[in-house]
Amino acid sequence: MSAVWLHVGQCGNQIGQEWWRIITEGAGHSCEADRYPFLSRDGKLGAVCVDSEPKVLRKAQKLVKHGCFRESNLIVGQEGRGSNWAYGYYGPPNEGERGLLQRTMESFRKETERRDCYSGTVLFHSLSGGTGAGLGARLCEEIREAYPVGHILSVSVAPHQAGESPLQHYNTLLCLAALQRSADGVLLFHNDEALSRVLSLQSRSPSSLSSPQAQASLSSMNSHIASCLAGLLYPVHNLTTPSRISLGLEPWELLRSVSPVPATKFLHTTQAHTRSTILWDSLAASTLQMLPRHSPSGNPHYSSAVVAVARGDQCNSFLSSLDPVLRRLRHGHRCAAWNPFPIDYWTDPQDVVSPSPSSRSLTVCSNHSSVTDLLQRVGERARDMFQARAYLHWYHRYGCEDQDFLQAFDTLRTVTEEYRAGEE
């Protein structure tokens, strides 16, 4: 086992609980060797969960009772962070040595020492919450400083455009800037896209005929994100040893494949799955339907690198249709001309996403320039608020300064320019 899985804040822990449900329950058809990368030698999951409020982590206590989680790795506070990045990042003024940050890093250190060979961290969190964005950014920086050789893959959830909090644009701005400095890659999920995808899947289900007004729940959105993660990060046949043992290389191979340029590290994920014998080429076309094609100004987006993960390929049907699938993906993603090998692919005979004898799924992760739409939108809205001096006193109260905002604006602008230069 090589990774430590770190869940921060309400969003990070809720998605984490869905993720571990897939690993511990949904993967029951898989061999024990596939679950090896997620377990310590004593059989407990290699995860650390932290939140500033106890509500969400009460559900994780069930996994402790079942012997899956280590109780000392559940770090709980008694006071929320008020959806304030500065409060989450710096913490209460008199928190002392037993604060959330210190306790989390201590549990994290012990968990890394249980690894056979620590290779990196997978961090789950949101971009808009006080704990997820603020403490998540601080932990990312602390881990980078303490373990400079280890990888950091961030699983980050962007808020709804319509607004979840008046501070969400500030929080997202500051968190994205911190991730750009410290993380090796950012698997970026959007609440609006997850909501749209879940509603689309519900509209196709037979039950939608009896309840056409059904709405997507937060749980179903979390399940969709966890399903995408399982499609990408659960062990695949390509990356196992000759004796079929997984070493948990998937997160780090993903970074190697889709982050060819360190300055551009924001990754977009789409997924299509079926319980029938639909052709792989049709599944590839379905993933492209969910891909943003143009910016609000009409400029076409592109991908610098793509990884396609085919699961449920029991009779090598994906490999037999490989050329048309890769050709469709290359054309649909408008792969950058400067990358001679823009598409990588992994296959596995079992489908952990939707386990059944005939199910198959295709999960596609790309380094896609559509992230510039988010960066520009967040930057513009945050700058309007900053110039009006709106809510800044809430950040100054906990140690954040105007220079932190100015540096974050500059970081997001630089990333946007790097993506534009990548196309040229």
Side-chain angles (χ1 to χ4, degrees), residues 1-3 19 22-23 26-27 29-31 33-38 119-120 122 151 153 155 184-185 187 225-260 267-274 278-288 291 303-330 332-333 335 339-355 359-368:
M1 180 175 181
S2 65
W19 160 257
I22 293 175
I23 300 304
H29 66 284
S30 302
C31 64
D34 285 344
R35 291 190 289 275
Y36 167 76
F38 309 106
S119 296
V122 182
H151 299 288
L153 175 62
V155 178
D184 296 294
L187 279 169
I225 295 174
S227 173
C228 291
L229 294 174
L232 288 176
L233 304 181
Y234 197 77
V236 292
H237 178 80
N238 305 58
L239 302 178
T240 57
T241 66
S243 56
R244 296 294 178 262
I245 299 295
S246 171
L247 301 179
L249 299 177
E250 285 72 17
W252 327 133
E253 284 298 305
L254 180 70
L255 292 174
R256 181 193 63 80
S257 297
V258 294
S259 295
L267 314 178
H268 187 276
T269 306
T270 57
Q271 184 181 78
H273 54 83
T274 179
I278 292 178
L279 297 177
W280 290 104
D281 190 50
S282 298
L283 286 179
S286 297
T287 65
L288 293 174
L291 189 70
S303 293
S304 59
V306 180
V307 165
V309 186
R311 297 185 182 273
D313 185 27
Q314 298 184 5
C315 55
N316 292 326
S317 57
F318 180 81
L319 296 179
S320 63
S321 59
L322 184 62
D323 288 342
V325 170
L326 296 188
R327 191 161 48 246
R328 182 181 289 273
L329 291 176
R330 181 191 290 264
H333 281 263
C335 292
N339 189 348
F341 306 104
I343 301 182
D344 196 1
Y345 62 89
W346 305 339
T347 63
D348 195 81
Q350 300 293 338
D351 181 18
V352 70
V353 173
S354 181
S359 70
R360 55 178 57 174
S361 67
L362 183 66
T363 309
V364 180
C365 180
S366 59
N367 195 322
H368 197 249

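Heavy atoms only: backbone and side chains are in, while hydrogens, waters and symmetry mates are out.
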(request) Rounded to the nearest 0.5 Å, what's the gap from CG on Leu153 to CG on Leu232? Could you check? (result) 9.0 Å

(request) Under the salt bridge (Lys or Arg N to Asp or Glu O under 4.0 Å) rule, collect the residues that match up with Arg256, sequence neighbours excluded. (result) Glu253, Asp344

(request) For Thr363 and Gly231, work out which heavy atoms get closest and say how close. (result) OG1-CA, 3.5 Å

(message) Among residues at least two apart in sequence or on other chains, which ones pass side chain to side chain contact (heavy atoms under 4.5 Å, CB included) with Ala310?
(response) Trp280, Phe318, Thr347, Leu362

(request) State, with a plain yes or no, whether a side-chain heavy atom of Val155 is found less than 4.5 Å away from one of Val122. (result) yes

(request) Output the distance between atom CG (Leu326) and atom CG (Asp281), rounded to the nearest 0.5 Å. (result) 10.5 Å

(message) Under a 3.5 Å cutoff, is there a donor and acceptor pairing between the side chains of Ser361 and Asp351?
(response) yes

(request) Indicate the atoms forming the closest heavy-atom contact of Ala305 with Pro260, along with that distance. (result) CB-CD, 4.0 Å

(request) Using the test side-chain hydrogen bond (donor to acceptor under 3.5 Å, both in side chains), find all partners of Thr270 that sit at least two apart in sequence or belong to another chain. (result) none

(message) Once side-chain hydrogen bond (donor to acceptor under 3.5 Å, both in side chains) is applied, do any residues pair with Ser303, and if so which ones, sequence neighbours excluded?
(response) His333

(request) Would you please name every residue forming a ring pair (Phe, Tyr, Trp, His ring centres under 6.0 Å) with His151, sequence neighbours left out? (result) Trp252

(message) Looking at every non-hydrogen atom in both residues, tell me the closest pair between Pro251 and Leu233 and how far apart they are.
(response) CA-CD2, 3.9 Å

(request) Would you please name every residue forming a salt bridge (Lys or Arg N to Asp or Glu O under 4.0 Å) with Asp313, sequence neighbours left out? (result) none

(message) Testing the basics here: between Val258 and Cys365, what is the closest heavy-atom pair and its distance to 0.1 Å?
(response) CG1-O, 3.8 Å

(request) Please examine the side chains of Trp346 and Pro235, heavy atoms only from C-beta on, and report whether any two atoms are closer than 4.5 Å. (result) no

(message) Can you tell me how far apart CG (Leu247) and OG1 (Thr241) are? Round to the nearest 0.5 Å.
(response) 6.0 Å

(request) Measure the spacing between OH of Tyr345 and CG of Leu322 and express it to the nearest 0.5 Å. (result) 4.5 Å

(request) Kindly indicate whether the side chain of Pro349, heavy atoms from C-beta on, has any atom under 4.5 Å from the side chain of His237. (result) yes

(request) Kindly write out the residues that satisfy side chain to side chain contact (heavy atoms under 4.5 Å, CB included) with Ser227, not counting sequence neighbours, or none if the list is empty. (result) Gln271, Val353

(message) Would you say that Leu291 contacts Thr287 through its side chain, given a criterion of any heavy-atom pair below 4.5 Å between the two side chains?
(response) no

(message) Keeping Arg328 on the side-chain end and Leu288 on the backbone end, is there a donor-acceptor pair under 3.5 Å?
(response) no

(message) Walk me through whether Tyr234 and Ile22 qualify under side-chain contact (heavy atoms from CB on, under 4.5 Å).
(response) CA-CA 10 Å; Tyr234 197 77; Ile22 293 175; 5.8 Å; no

(message) Nearest 0.5 angstrom please: His273 NE2 to Ser286 OG, how far?
(response) 10.5 Å

(message) My understanding is that only residues two or more places apart in sequence, or in another chain, count here; which of them pass side chain to side chain contact (heavy atoms under 4.5 Å, CB included) with Ser282?
(response) Ile278, Leu279

(request) Output all residues satisfying side-chain hydrogen bond (donor to acceptor under 3.5 Å, both in side chains) with Ser259, sequence neighbours left out; order by chain, then residue number. (result) none

(message) Run the side chain to side chain contact (heavy atoms under 4.5 Å, CB included) test against Ser320 and tell me which residues pass, sequence neighbours left out.
(response) Ser317

(message) For Val307 versus Val309, what's the shortest heavy-atom pair and its separation?
(response) CG1-CG2, 3.9 Å

(message) I need the Ser246 OG to Asn238 CG distance, nearest 0.5 Å.
(response) 11.5 Å

(message) Tell me if a side-chain donor or acceptor on Asn367 pairs with a main-chain N or O of Ser304 at a distance below 3.5 Å.
(response) no

(message) If you compare all heavy atoms of His368 against all heavy atoms of His268, which two are closest, and at what distance to 0.1 Å?
(response) CB-CB, 4.0 Å

